[in-house]
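Notes follow the structure.
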Amino acid sequence: MKKILFTAILALSIISCKENESGNAGAVENAVDDTNSSIKGSFESGRSENMIDKIYSELAKKDKNLKELDEKLVKLNEESRKVLAAYDEILNKSESFYQDAHFQATSVKDSLLKQHLEKEITISSDSYNQKISKVKELIDKVNTNNDHIANLYTAFKIRKTLPEIEKYQNAHPLKTDNLESFIKKQNVLLDELKKLSE
């Protein structure tokens, strides 16, 4: 009985594979309407870049204002990075110095000298922190603005590309006939297998 069942399944699989080989190309072609999208180029390549950026990039190629906006944002980001990097270098060196000074002061064996050293380091550190409080406040403001710009730009790109993906979807309505036809084939095989296994 097992040999008969196995042979039947094998034969049906071979027949099914041959049918699928000849019908697969047509099935895939017929799965969607063959209509070009206005932003077809952004849908052709793989998924190395996210779809929003791909679609937006295609739109920017055709729209001078979008291209100029992109260039402004790139330039502003680069300037922001350079401005912050200049301040970060100085602030980080000072912070590292005070950390090293506190750490090395702990290795001093003379307790009175250690106490005086730690007091001097703290006074210098507190004084420096007062001097740079306005600078830190402005750096925080720059970072906050950068985040706000990035958030608004993301929202803008999503809103700009939503109608484009909808155009693509409307140009490629998915049909159900191939799925329904394939399910019928599956059901035929299921029925045969059920009868064989009884």
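Numbers for residues simply follow the sequence, beginning at 1. The shown structure was predicted, so the numbers you read here are calculated from the model rather than taken from an experiment.
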**Report entry** Worked check of side chain to side chain contact (heavy atoms under 4.5 Å, CB included) between Q186 and I183
**Finding:** CA-CA 5 Å; Q186 286 179 317; I183 288 167; 3.9 Å; yes
Query raised in the report: How close do A105 and E118 get, heavy atom to heavy atom, and via which atoms?
Result: CB-CG, 4.0 Å
Requested in this report: Begin from the C-alpha positions of D126 and N129 and carry the test side chain to side chain donor-acceptor pair (under 3.5 Å) through to its verdict.
Outcome: CA-CA 5 Å; D126 289 348; N129 283 332; 4.7 Å; no
Query raised in the report: Taking the six-membered ring for Trp, are the ring centroids of H102 and Y98 within less than 6.0 Å of each other?
Result: no
Which pairs of donor and acceptor atoms, one on a side chain in residues 134-144, lie under 3.5 Å apart (sequence neighbours left out)?
| from | atom 1 | to | atom 2 | distance (Å) |
| --- | --- | --- | --- | --- |
| N143 | ND2 | I139 | O | 3.3 |
| T144 | OG1 | D140 | O | 2.8 |

Query raised in the report: Can we say E192 and K195 salt-bridge, meaning some charged N sits less than 4.0 Å from an Asp/Glu carboxylate O?
Result: no
Query - I55-L162 co-clustered via ILVMFWY side chain contacts under 4.5 Å - result: no
Query raised in the report: What distance do L69 atom CG and L73 atom CG have between them, rounded to the nearest 0.5 Å?
Result: 5.0 Å
Query raised in the report: At what distance, to the nearest 0.5 angstrom, does CD of Q99 lie from CD of E95?
Result: 5.0 Å
Report task. Kindly determine whether N92 and Y87 satisfy side chain to side chain donor-acceptor pair (under 3.5 Å), including the steps that lead there. Result -> CA-CA 8 Å; N92 289 339; Y87 284 94; over 6 Å; no
Query raised in the report: To the nearest 0.5 Å, how far apart are CZ in F97 and OG in S125?
Result: 10.0 Å
Query raised in the report: How close do D53 and K157 get, heavy atom to heavy atom, and via which atoms?
Result: OD1-NZ, 2.7 Å
Requested in this report: Would you give the length of the straight line joining atom CD1 of I149 to atom OG of S80, rounded to the nearest 0.5 angstrom?
Outcome: 8.0 Å
Report task. May I have the step-by-step check of salt bridge (Lys or Arg N to Asp or Glu O under 4.0 Å) for K93 and E89, ending in yes or no? Result -> CA-CA 6 Å; K93 282 182 180 177; E89 186 180 354; 3.4 Å; yes
Report task. Considering only NZ, NE, NH1 and NH2 on the basic side and carboxylate oxygens on the acidic side, decide whether E164 and K167 come within less than 4.0 Å. Result -> yes
Query raised in the report: Looking at N50 and I52, what are the two nearest heavy atoms and their distance?
Result: OD1-N, 3.0 Å
Requested in this report: Nearest 0.5 Å please: distance from the CG atom of L66 over to the CD atom of E71.
Outcome: 11.0 Å
Report task. Verify side chain to side chain contact (heavy atoms under 4.5 Å, CB included) between H172 and Y168, making sure each step is shown before the conclusion. Result -> CA-CA 6 Å; H172 298 81; Y168 175 80; 3.5 Å; yes
Requested in this report: Mind checking the CG-CG spacing from N65 to D70? Nearest 0.5 Å is all I need.
Outcome: 11.5 Å
Report task. Fit a plane to each ring of F156 and Y56, take the angle between them on a 0 to 90° scale, and name the class: parallel (under 30°), tilted (30 to 60°) or perpendicular (over 60°). Result -> perpendicular
**Report entry** Step-by-step side chain to side chain contact (heavy atoms under 4.5 Å, CB included) determination, K61 to E58
**Finding:** CA-CA 5 Å; K61 285 177 190 174; E58 289 296 317; 3.2 Å; yes
Requested in this report: Tell me whether L91 is reachable from V83 by hopping between hydrophobic residues (I, L, V, M, F, W, Y) whose side-chain heavy atoms are closer than 4.5 Å.
Outcome: yes
Query raised in the report: With side chains defined as the heavy atoms from C-beta onward, is the minimum distance between Q169 and I165 less than 4.5 Å?
Result: yes
Query raised in the report: F182 and L190: same hydrophobic cluster, using ILVMFWY side-chain contacts below 4.5 Å?
Result: no
Query raised in the report: Looking at side-chain heavy atoms only, is the closest gap between N146 and L84 below 4.5 Å?
Result: yes
